**Student:** 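First the structure, then my questions, so here it is.
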There are 2 protein chains.
Amino acid sequence: MPKKQKTRCAILGLLSWQPMSGYDIKKLIQMGLQHFWNESYGQLYPTLNQLVAEGLATRKEGAGQGRRKRHVYSITAQGRRVFSDWLQEPTEPVPVRNEFLLKFFLTGRQEESQSMRLIEEYQRQEKERLEAFTMSEQILRKALRQRSLPDELIDLAGPAEDDSNQLLVFLLSLTHGIRMTEARLAWCGEALRSLRARKRRQTSAKRQS
Amino acid sequence: MPKKQKTRCAILGLLSWQPMSGYDIKKLIQMGLQHFWNESYGQLYPTLNQLVAEGLATRKEGAGQGRRKRHVYSITAQGRRVFSDWLQEPTEPVPVRNEFLLKFFLTGRQEESQSMRLIEEYQRQEKERLEAFTMSEQILRKALRQRSLPDELIDLAGPAEDDSNQLLVFLLSLTHGIRMTEARLAWCGEALRSLRARKRRQTSAKRQS
DNA sequence: TCAGACATGTAAGTCGTTACATGATTCA
DNA sequence: TGAATCATGTAACGACTTACATGTCTGA
């Protein structure tokens, strides 16, 4: 059986909002989904062609914003079916492949300072991530109060009588990232305390003997 | 510049414990690192050959446990250098590619029930994950009290005067997974409450008009 | 004797990034 | 005029999984 082809489904999902070009899709992903999804042009354009070949989308020439020709893709009825089938299918659990944890585990037989240095680096990274998240959250909460998508997104997202559902879901996706990041930071504190406590115990044990 | 080749480094890290066969490495990963790392045989065996070709490991024939011939790999001095260089290098932040969040985001313009169903599925998965984690944790905490690795690991891990440092690091890696899973579950609760609250507000607004 | 663990590997295919190639338009 | 943005694509490479192929040894 063929694999999931999540890129295909992600694209179909966005096209179900409104017709877009590959470039638009990339921008939309960068603005809205950056915290949990990414697609490169190297994936995007070939996949769009494939979608047309399969009859899940149609391409037509369009003028961008008075600029050169661009390819605007629309989802077909069949495309909508594929998309909504995918939504119904069971989602595979988040795969776990974490380079930091691998390194950390492998410092187990090295000096403790190595393990701690790794944690501190991780901590710095996650703090930065949290700041970025918090920024986005502020913008979104404001938008939620005004019940419409942020300016940068509104052109791309297409028309909707009431965006407040999409907005809430958007905000919750962001919250997910924030909670994860907070949990990672809390773990860093916990882990550093454990390692320091162990060090102290060892030092005092050595002094005793 | 060439990519990271984390598989290579992971293998070197494990070989730095003691000489092992490809099969041993696979087992060790399955038992100890399963929660944050994985390698398939399709990666493992070719990488081991590559390692020998590069002079980072040596291969010698060995008799398993009275069984057929097996290839036992040992790390070389150069291999140790490559490994410890990798430990020093900056770790790339955890990449974010979460199929659940993608789906969830894309239900924003569907019915709310879709979004909720997705969360509930996620919740079930994470609950199961948490149970598996808790089991492993119990075993590890017991081992930590006895200051030695669990039986299943002790043969593979090789000799060490005192494993309590490795053990603590092992436990902390596990704790990381547990904290993440707990955070995901907490988010599920939070998100479900938000969606329900919004539904109630809508319903009462409709009744008003 | 036969299932299951031990043990090593290859081939095909998917998935995904990066670098490259091209060229138009806009605006400072 | 030249940088930035708009816009579309390909080629090469690397990472990773799955299925396949092969064979041994142990113990119920």
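So that the names make sense, note that chain A is the first sequence line, chain B the second, and so on, each numbered from 1. Note that the structure is predicted; figures quoted are calculated from it, not measured.
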**Student:** Report the distance from atom CD1 of I11(A) to atom C1' of dT8(D), rounded to the nearest whole Å.
**Tutor:** 14 Å
**Student:** Using a cut-off of strictly less than 4.0 Å, decide whether S21(A) has a side-chain nitrogen or oxygen near OP1 or OP2 of dT8(D).
**Tutor:** yes
**Student:** Consider the side chain of P46(A), meaning its heavy atoms from C-beta on, and name the nucleotide among dT17(D), dT10(D), dT17(C) that approaches it most closely.
**Tutor:** dT10(D)
**Student:** Just compare dC6(C), dG9(C), dG9(D) and give me whichever is closest to any side-chain atom of R59(B).
**Tutor:**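 Looking only at side-chain atoms, R59(B) lies closest to dG9(C).
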**Student:** Are W37(A) and F104(B), when compared by the centres of their aromatic rings, separated by less than 6.0 Å?
**Tutor:** no
**Student:** Can you check the N38(A) CG to dT17(C) C1' distance for me, whole Å?
**Tutor:**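 About 9 Å, once rounded to whole Å.
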**Student:** Give the rounded distance in Å between these two atoms: NZ of K69(A) and P of dG23(C).
**Tutor:**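 That distance rounds to 11 Å.
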**Student:** Choosing from dA7(C), dG9(D), dT17(C), which nucleotide comes nearest the side chain of R70(B)?
**Tutor:** dA7(C)
**Student:** Which part of the nucleic acid, if any, lies within contact of G22(A), taking any heavy atom under 4.0 Å across all strands shown: a base, the sugar-phosphate backbone alone, or nothing?
**Tutor:** sugar-phosphate
**Student:** Grab the CE-P distance between M20(A) and dT8(D) for me, whole Å please.
**Tutor:** 12 Å
**Student:** Within the pair R97(A) and dC16(D), is there a side-chain N or O less than 4.0 Å away from OP1 or OP2?
**Tutor:** yes
**Student:** Calculate the interatomic distance between L44(B) atom CG and dA15(D) atom P; express it in whole Å.
**Tutor:**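 Distance check: L44(B) CG to dA15(D) P gives 15 Å.
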**Student:** Check whether any side-chain N or O of Y41(B) sits under 4.0 Å from OP1 or OP2 of dG9(C), and answer yes or no.
**Tutor:**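 Y41(B) to dG9(C) OP1/OP2: no side-chain N or O under 4.0 Å.
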**Student:** Could you state the atom-to-atom distance from CG of L28(B) to P of dA7(C) in whole Å?
**Tutor:** 14 Å
**Student:** Ignoring the backbone of S40(B), work out which of dC15(C), dT17(D), dT8(C) is nearest its side chain.
**Tutor:**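 The closest nucleotide is dT17(D).
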**Student:** Please determine, for the side chain of Y23(A), which listed nucleotide (dG9(C), dA7(D), dT10(C)) has the closest atom?
**Tutor:** dA7(D)
**Student:** With a 4.0 Å limit, can you tell me whether N49(A) has a side-chain N or O closer than that to the phosphate oxygens OP1/OP2 of dT8(D)?
**Tutor:** no
**Student:** Rounded to the nearest Å, what distance is computed from the NE2 atom of residue H71(A) to the P atom of nucleotide dG23(C)?
**Tutor:** 15 Å
**Student:** Tell me: OH of Y45(A) to C1' of dG23(C), nearest whole Å?
**Tutor:**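 About 13 Å, once rounded to whole Å.
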**Student:** For H35(A) and F170(A), I'd like to know if the aromatic rings sit close, meaning centre-to-centre distance below 6.0 Å.
**Tutor:** no
**Student:** Mind checking whether W187(B) and F100(B) have ring centres under 6.0 Å apart?
**Tutor:** yes
**Student:** Closest to the Q43(A) side chain: dC6(C), dT17(C), dG9(C)?
**Tutor:**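 Within the option list, the nearest is dT17(C).
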**Student:** Under a 3.5 Å distance rule, please check whether K60(B) uses its side chain to pair with a backbone N or O of H71(B) as donor and acceptor.
**Tutor:** no
**Student:** OP1 or OP2 of dG16(C) less than 4.0 angstrom from a side-chain nitrogen or oxygen of T7(A), does that happen here?
**Tutor:** yes
**Student:** Which word best sums up how the rings of Y45(A) and Y41(A) line up, parallel for under 30°, tilted for 30 to 60°, or perpendicular for over 60°?
**Tutor:** parallel
